[in-house]
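Just follow the structure's listing: the first ligand is 1, and inside any ligand the first atom is 1. Computation of the quantities below employed the complete heavy-atom set of this structure, encompassing side-chain atoms and omitting hydrogens, waters and symmetry-equivalent molecules. Throughout, residue positions are numbered sequentially from 1 according to the sequence presented.
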Amino acid sequence: MADKTLSAEERAGRAFPVSWDQFHRDCRALTWRLNEAGPFAAIIAITRGGLVPAAIVARELGVRVIDTVGVASYDHTRQGELNVLKAISEDTLKLGSGTGKGLLIVDDLVDTGKTAQLVREMLPDAHFATVYAKPKGRPLVDTFITEVSQDTWIFFPWDTALSFAPPLRDGAA
Ligand SMILES: O=P(O)(O)OC[C@H]1O[C@H](OP(=O)(O)OP(=O)(O)O)[C@H](O)[C@@H]1O
Ligand SMILES: Nc1nc2[nH]cnc2c(=O)[nH]1
Ligand SMILES: [Mg+2]
């Protein structure tokens, strides 16, 4: 079902572009916080967006067991139905005693919180971390670094490219 709260235009109205440098710094800051909450036996990345932060967090925390859960719901800025494209492996479920105890789930962001809610139901005792959080999804996250407003659209470095920006006096916003 489409998200009727905000239109695609409203959601993309405020852009928050993130560079690779900034993203790496924010992931490292997240790791500092997670270091207090661990140790973790394994990391589960919510793919695809959770793959890059999970790699950085795993490197910093020295975690070598990485699993993925594939969830997709957005077609650019419009949210549709949640699709689980890949489930968590049996090995990982066993490692977390079936409930996720001692496991870390990583995603790039929470927006409405629907993705987080779904994955939390799979592993209720796991620690849930994201780099960015919007107010609606924030209560579902145990640890995050930066909050952005609900009407902000975050542009990740893997989705963007450097391009010419017209000077202010030529009419740029
Ligand atoms: O809190 P929500 O409103 O559920 O949105 C957050 C989710 O949306 C994005 O994933 P997307 O479904 O776009 O798939 P992707 O990670 O493969 O890009 C993002 O990576 C989060 O997983
Ligand atoms: N890139 C990106 N994907 C999202 N999925 C849900 N919210 C967002 C967002 O703000 N940016
Ligand atoms: Mg995602």
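Distance check: L123 CG to I88 CD1 gives 4.0 Å after rounding to the nearest 0.5 Å. Taken to the nearest 0.5 Å, the SG atom of C27 stands 9.5 Å off from the CD atom of E60. To the nearest 0.5 Å, atom OG1 of residue T143 and atom CG of residue L34 are 5.0 Å apart. To the nearest 0.5 Å, atoms CD1 (I145) and CG (L30) are separated by 5.0 Å.
Heavy atoms from both the backbone and the side chain of L109 come within less than 4.0 Å of ligand 1. In D107, the part holding a heavy atom less than 4.0 Å from any atom of ligand 1 is the side chain. At a heavy-atom cutoff of 4.0 Å, ligand 2 is contacted by no atom of D108, backbone or side chain. With a 4.0 Å heavy-atom cut-off, ligand 1 is reached by no atom of K136. When heavy-atom distances to ligand 2 are checked against a 4.0 Å cut-off, F156 comes that close only through its side chain, counted from C-beta outward.
The aromatic rings of F23 and F156 sit perpendicular to each other, their planes meeting at more than 60°, with 30° as the lower class boundary. A perpendicular orientation is assigned to the rings of Y132 and F16, their planes being inclined by more than 60° (bins at 30° and 60°).
Of all atoms in ligand 1, listed by their number and element, those nearer than 4.0 Å to a heavy atom of A72 are 12 (O). Applying the 4.0 Å criterion to heavy atoms of Q79 picks out, from ligand 1, the atoms 2 (P), 3 (O), 4 (O). Those atoms of ligand 1 with a heavy atom of D108 less than 4.0 angstrom away are 19 (C), 20 (O), 21 (C). Taking a cut-off of under 4.0 Å to the non-hydrogen atoms of R48, the atoms of ligand 1 that pass are 15 (P), 16 (O), 17 (O), 18 (O). Close contacts between ligand 2 and K134 involve ligand atoms 7 (N), 9 (C), 10 (O) [criterion: under 4.0 Å to a heavy atom]. Atoms of ligand 2 lying under 4.0 Å from any heavy atom of D111, numbered from 1 in the order shown and given with element: 6 (C), 7 (N), 8 (C).
Heavy-atom distances between Q79 and ligand 2 stay at or above 4.0 Å for every pair. Within the structure, ligand 1 lacks A116 among the residues with a heavy atom less than 4.0 angstrom away. For the pair S73 and ligand 1, a heavy-atom separation below 4.0 Å is found.
L109 and Y74 fall into different hydrophobic clusters, where Ile, Leu, Val, Met, Phe, Trp and Tyr are joined by side-chain heavy atoms under 4.5 Å apart, directly or via other members.
Ligand 2 has an N or O atom lying under 3.5 Å from an N or O atom of I154, backbone or side chain. Geometrically, ligand 2 and Y74 share no nitrogen or oxygen pair separated by less than 3.5 Å. At under 3.5 Å, not a single nitrogen or oxygen of V110, backbone or side chain, sits near a nitrogen or oxygen of ligand 1. Ligand 2 has no N or O atom lying under 3.5 Å from any N or O atom of D159, backbone or side chain. Residue contacts with ligand 1: G49 is placed with a nitrogen or oxygen under 3.5 Å of a nitrogen or oxygen of the ligand (distance criterion only).
For the residues L118, T115, T112, N83, the heavy atom positioned nearest atom 7 (C) of ligand 1 is part of T115.
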Go through D107 and T115 one step at a time and tell me if the side-chain contact (heavy atoms from CB on, under 4.5 Å) criterion holds. CA-CA 9 Å; D107 207 350; T115 305; 4.1 Å; yes
May I have the step-by-step check of side-chain contact (heavy atoms from CB on, under 4.5 Å) for W153 and T77, ending in yes or no? CA-CA 8 Å; W153 191 259; T77 56; 3.5 Å; yes
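Taking a cutoff of 4.0 Å between a charged side-chain nitrogen and a carboxylate oxygen, E147 and K134 do not qualify as a salt bridge. The pair K86-D67 meets the salt-bridge criterion, since a charged nitrogen lies less than 4.0 angstrom from a carboxylate oxygen. Salt bridge D159/R48: absent, no basic N to carboxylate O contact under 4.0 Å.
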